Chemist: 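My structure is below; once you've seen it, I'll send some questions.
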Amino acid sequence: MKFLWNLLIITVFFFYAPVCLGAQGEGSEKDIIRVGLSNSSFSTFEFTEITLVTSDTTSVSDMSNGAQIKDIPRNTEIFAQMRNGEFFVSFNGKEGVKNAKGPILIVSKGKIGVKGLNRKGNPAYYKGMMELIKAYPENKGKFNIVNVLDSQTYLKGVVPNEMPVSFGLNALKAQAVAARNYANRPQNAYKNYDICDSTACQVYYGANSENPLSDRAVDETQGIFALYNKEPVLALYSSTGGGITEDYECVYGSGNSKFNPKPFLKSVKDNDSLKIPKSEEELKEFYTNSVPSFDMKSPKHRWQVDFSRFELEDILTTTLREQSAKSLVYPAFGPNDEVWGLEDIRVVKRGDSGKAIEVEIRSMGGTWRVKKELGIRRVFKKGKSILWSGNFVVEKNMPKNEEQIGNEIADENIAKNVKNSKENTHNMLGNEKKSETTGVLEDKTPSKVPDDPIFTFLKPEDKEPVIQSAEVKIENGKKIAYKNRLGIPLPLGFSFYGAGFGHGVGMSQYGAGYLASQGVGYDRILKHYYSGITLGTMPREVSYNNYNQNYVQNLYVDNIESTTAGVLPSNIDENPLKEEVVRLYNASKASAKYILNIDNSKSPSEIEFYVNDFHFTQSMRGFYGKILKMDITKYLKKGKNTITFTPLKAADKEKITSFWVEIEK
């Protein structure tokens, strides 16, 4: 049969596309993922010894010389250790491999377990292969354990551990696409593997954590990425955005001259009628009320964390030193610095969502500023938990009467001191200036005050010295104060009122779960949280090769006429976000077109490809468009589809092209 495509006449005939593993060019989708496995506490990726357990027939190979031990029976314990930079492997206590240079490759017909390692309450078992490889930089006594497996199987061990399966199929599909994007991001952090198995990357717990519903989500999004200008986006996500997500630049880019903006990671609000809070008063109103938003069912949609002042002084003395070592505190918090007489905590810089990205901590022991969202959350640590998010306001809890100040504090005419301090702060300290932009007094006092608890100030009327006691005691080597150097009572404690959980950039997982429960399809969930994206396959490069190896993409299609949406709930009229939900729902119900894009910028002499069973070939001479587009919707079917490009011809050895599919909707 014949048809017109960009004025090209292309012959179509029945053909079963060959099944092969597509060659992988630079920037192409990873068919195989290498995952670095950590220990039970996720504290290290380096091992001196390990015991693996086989569930089926297994082989062990020394990749340095090709030596192999085959047909190792199931339930065999494979003990491997490194001594003096060489591997020694035994089987059920019997020596099998010694003085091996490695890497050591373990291949099983079944799953491979790591003895003593539990994930999600179950013994850790993994599909694919295991590779034991010397740690990098080379350490004579340590090695990495790398799970090598196909990307779809890897994602099945990720999605149910990054999102509760109770959030529903479309939320899990959105998570699967985000996780696929993340796994295919460029990275230079690791030498021996592509990605780790902990929260430092994506949580991957292996085969025993898989779930049928999340497996389905991975299968039914196969090959699909979130794209911006045809490139996969950095699909960040966090538990709860609190109703407004944050701009990537505010969290990750401040102060970095080499920062690369991410236009797809802009601040997004769920509620169209919401006025973005700007002032501290508006933010407090927002953070202390449950404003309707897509993630309002999250237990961290709104939260409160309280600290007593003495508790927080102890915490800050530790955490400021820790974050100072990461260059997130200025001036630097030295080994002899101490937070005592904590007077105020003030957010001095906020992001688009109101997220704190610079905070000032003012105390009698010194004044410091903390930069970056994560650094701030780590500074205000409560027990073992860092602050839930950077979206917060701080309220000082002041004493209501003298009894609350402390039994050892006498009445020293507080009201008079307060009046004097307000009127004469500039004269007394002599080193504050008014902000040119805000009109707020910015503290320019030294970062430290003298250890002597007695300070000298001047009265405006006579300019004579006045001695004022700061009421400082020493208990167990720690300075204890109940009033500041002006005689003003110090706060009893501080309350943090906040919204959200996590960095708040990109997709809110609770928001995705809510939208899925309202019948919204995964495509619109992703497009709500990632601005300006399209969905489609990752570009795959095609070139000439001597092996006649084809270049393959697999693409799952839900339904050509009406794609991924569910059903609107019967009580939608009672929903305070009805307009927002219905708009997203209707958009996700629209029909989709699948457009095959072919990069013709290098003008290869001829291209040949298959869409499932249909064969297309044509000379490209005379066609100079950079991107050729073809609507392939009618050649696709519900379920898995395969697009196969044959290698370029020998005449095009020096040329290269690429292809990808975009879903227009």
Side-chain angles (χ1 to χ4, degrees), residues 1-12 17 22 25 27-29 173 177 180-181 184 220-233 235 264 521-524 526-527 530-542 550-565 587-604 606-618 620 623-646 656-665:
M1 109 179 152
K2 296 182 179 180
F3 71 100
L4 187 65
W5 168 52
N6 287 353
L7 303 180
L8 294 177
I9 302 299
I10 301 181
T11 302
V12 181
S28 297
E29 179 182 357
K173 285 183 177 182
V177 173
R180 184 177 291 111
N181 269 58
N184 280 271
E220 293 186 5
T221 59
Q222 184 174 9
I224 297 176
F225 289 81
L227 307 171
Y228 189 90
N229 288 339
K230 85 175 185 179
E231 295 297 329
V233 305
F264 44 84
Y522 81 91
D523 57 331
R524 285 297 153 178
L526 291 166
K527 289 180 179 181
Y530 304 112
S531 303
I533 65 163
T534 60
L535 297 183
T537 64
M538 190 172 175
R540 171 143 285 185
E541 291 185 347
V542 179
N550 292 332
Y551 302 83
V552 179
Q553 274 191 350
N554 293 310
L555 169 67
Y556 190 94
V557 174
D558 270 295
N559 194 315
I560 299 297
E561 295 180 358
S562 178
T563 55
T564 61
S588 59
K589 288 289 288 184
S591 297
K593 288 185 178 180
Y594 292 78
I595 306 300
L596 177 64
N597 293 266
I598 302 173
D599 184 352
N600 191 43
S601 58
K602 301 297 182 182
S603 299
E606 183 177 289
I607 57 169
E608 182 179 7
F609 64 93
Y610 303 85
V611 178
N612 292 325
D613 299 332
F614 299 94
H615 175 231
F616 305 85
T617 184
Q618 178 64 42
M620 302 301 290
F623 294 90
Y624 303 107
K626 290 186 178 181
I627 304 295
L628 300 179
K629 294 179 178 290
M630 173 184 179
D631 185 348
I632 61 171
T633 307
K634 61 184 176 182
Y635 305 109
L636 302 177
K637 59 188 178 183
K638 179 177 173 58
K640 181 179 175 181
N641 294 263
T642 302
I643 300 171
T644 306
F645 271 64
T646 63
I656 195 167
T657 187
S658 62
F659 69 95
W660 69 98
V661 175
E662 285 188 355
I663 306 171
E664 292 185 355
K665 197 176 179 187

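Since the structure is predicted, the reported quantities are computational estimates derived from the model, not experimental observations.
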Chemist: So, does Thr537 use its side chain to make a donor-acceptor pair with the main chain of Trp660 at under 3.5 Å?
Modeler: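 Judged by distance alone, no pair lies under 3.5 Å.
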
Chemist: So do Val611 and Met630 actually touch side chain to side chain, heavy atoms under 4.5 Å?
Modeler: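 When only atoms from C-beta onward are counted, Val611 and Met630 do not touch, as no gap falls below 4.5 Å.
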
Chemist: Grab the two heavy atoms, one from Arg180 and one from Gln222, that are nearest each other, plus how far apart they are.
Modeler: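 Closest pair (atom of Arg180, atom of Gln222, distance): NH2-CA, 3.8 Å.
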
Chemist: Quick one: does Phe645's side chain get under 4.5 Å of Ile598's, heavy atoms only?
Modeler: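 Yes, close enough: below the 4.5 Å cut-off.
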
Chemist: Within a 6.0 Å radius of atom NZ on Lys602, are there more than 12 heavy atoms belonging to other residues, nucleotides or ligands?
Modeler: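 Open.
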
Chemist: Does the side chain of Ile632 reach to within under 4.5 Å of the side chain of Asn641, using non-hydrogen atoms?
Modeler: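 No. Closest side-chain heavy atoms not under 4.5 Å.
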
Chemist: Identify the heavy atoms of Ala235 and Asn181 that sit nearest to each other, and give their distance.
Modeler: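 Looks like CB-CB, 3.8 Å.
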
Chemist: Return the CD to OG1 distance between Glu608 and Thr646, rounded to the nearest 0.5 Å.
Modeler: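 Nearest 0.5 Å value for the CD-OG1 distance: 4.0 Å.
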
Chemist: State, to 0.1 Å, how close Arg524 and Ala587 come at their nearest heavy-atom pair, and which atoms those are.
Modeler: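 Smallest heavy-atom distance, with atoms named: NE-CB, 3.3 Å.
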
Chemist: Could you grab the distance from atom OG of Ser658 to atom OH of Tyr551, nearest 0.5 Å is fine?
Modeler: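 Between atom OG of Ser658 and atom OH of Tyr551 there are 12.0 Å.
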
Chemist: Output the distance between atom CE (Met538) and atom CD (Glu231), rounded to the nearest 0.5 Å.
Modeler: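 Interatomic distance, Met538 CE to Glu231 CD, rounded to 0.5 Å: 7.0 Å.
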
Chemist: Can you list the steps and then say if Glu29 with Phe225 is a side-chain contact (heavy atoms from CB on, under 4.5 Å)?
Modeler: CA-CA 10 Å; Glu29 179 182 357; Phe225 289 81; 3.6 Å; yes

Chemist: If we count only N and O atoms by modelled type, under 3.5 Å, do the side chains of Asn554 and Thr642 hold a donor and an acceptor together?
Modeler: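 Short answer, yes.
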
Chemist: How close do Gly521 and Ser588 get, heavy atom to heavy atom, and via which atoms?
Modeler: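 For Gly521 versus Ser588, the nearest heavy atoms are N-OG, 3.2 Å.
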
Chemist: Please assess Ile627 against Asn600 for the test side-chain contact (heavy atoms from CB on, under 4.5 Å), listing each intermediate value before the final yes or no.
Modeler: CA-CA 6 Å; Ile627 304 295; Asn600 191 43; over 6 Å; no

Chemist: Report the C-alpha separation of Asp523 and Ile663 in whole Å, then their side-chain angles, then the decisive distance to 0.1 Å, and conclude whether the side-chain contact (heavy atoms from CB on, under 4.5 Å) test is met.
Modeler: CA-CA 10 Å; Asp523 57 331; Ile663 306 171; over 6 Å; no

Chemist: For the pair Lys593 (side chain) and Thr633 (backbone), establish whether a donor and an acceptor sit closer than 3.5 Å, ignoring hydrogens and angles.
Modeler: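 Not confirmed, Lys593 side chain does not pair with Thr633 backbone.
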
Chemist: Could you grab the distance from atom CG of Asn612 to atom NZ of Lys640, nearest 0.5 Å is fine?
Modeler: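 Spacing of CG (Asn612) from NZ (Lys640) equals 10.5 Å.
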
Chemist: Checking side-chain contact (heavy atoms from CB on, under 4.5 Å) for the pair Tyr522/Ile224: CA distance, chi angles, key distance, verdict?
Modeler: CA-CA 11 Å; Tyr522 81 91; Ile224 297 176; 3.2 Å; yes

Chemist: Taking the side chain as everything from C-beta on, heavy atoms only, tell me whether Ile595 gets closer than 4.5 Å to Asn597.
Modeler: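 Yes - at least one pair of side-chain heavy atoms lies under 4.5 Å apart.
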
Chemist: Measure the CG-CD distance between Asp599 and Glu541 for me, rounded to the nearest 0.5 Å.
Modeler: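 Nearest 0.5 Å value for the CG-CD distance: 9.5 Å.
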
Chemist: So, taking the atom named CD1 in Ile533 and the one named CG in Asn229, what distance separates them when rounded to the nearest 0.5 Å?
Modeler: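 Result: 12.5 Å between the selected atoms.
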
Chemist: Looking at Phe609 versus Phe616, is the centre-to-centre ring distance below 6.0 Å?
Modeler: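 Yes.
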
Chemist: Minimum heavy-atom separation for His615 to Thr617, with atom names?
Modeler: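 Nearest pair, atom of His615 first, then Thr617: CE1-CG2, 3.9 Å.
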
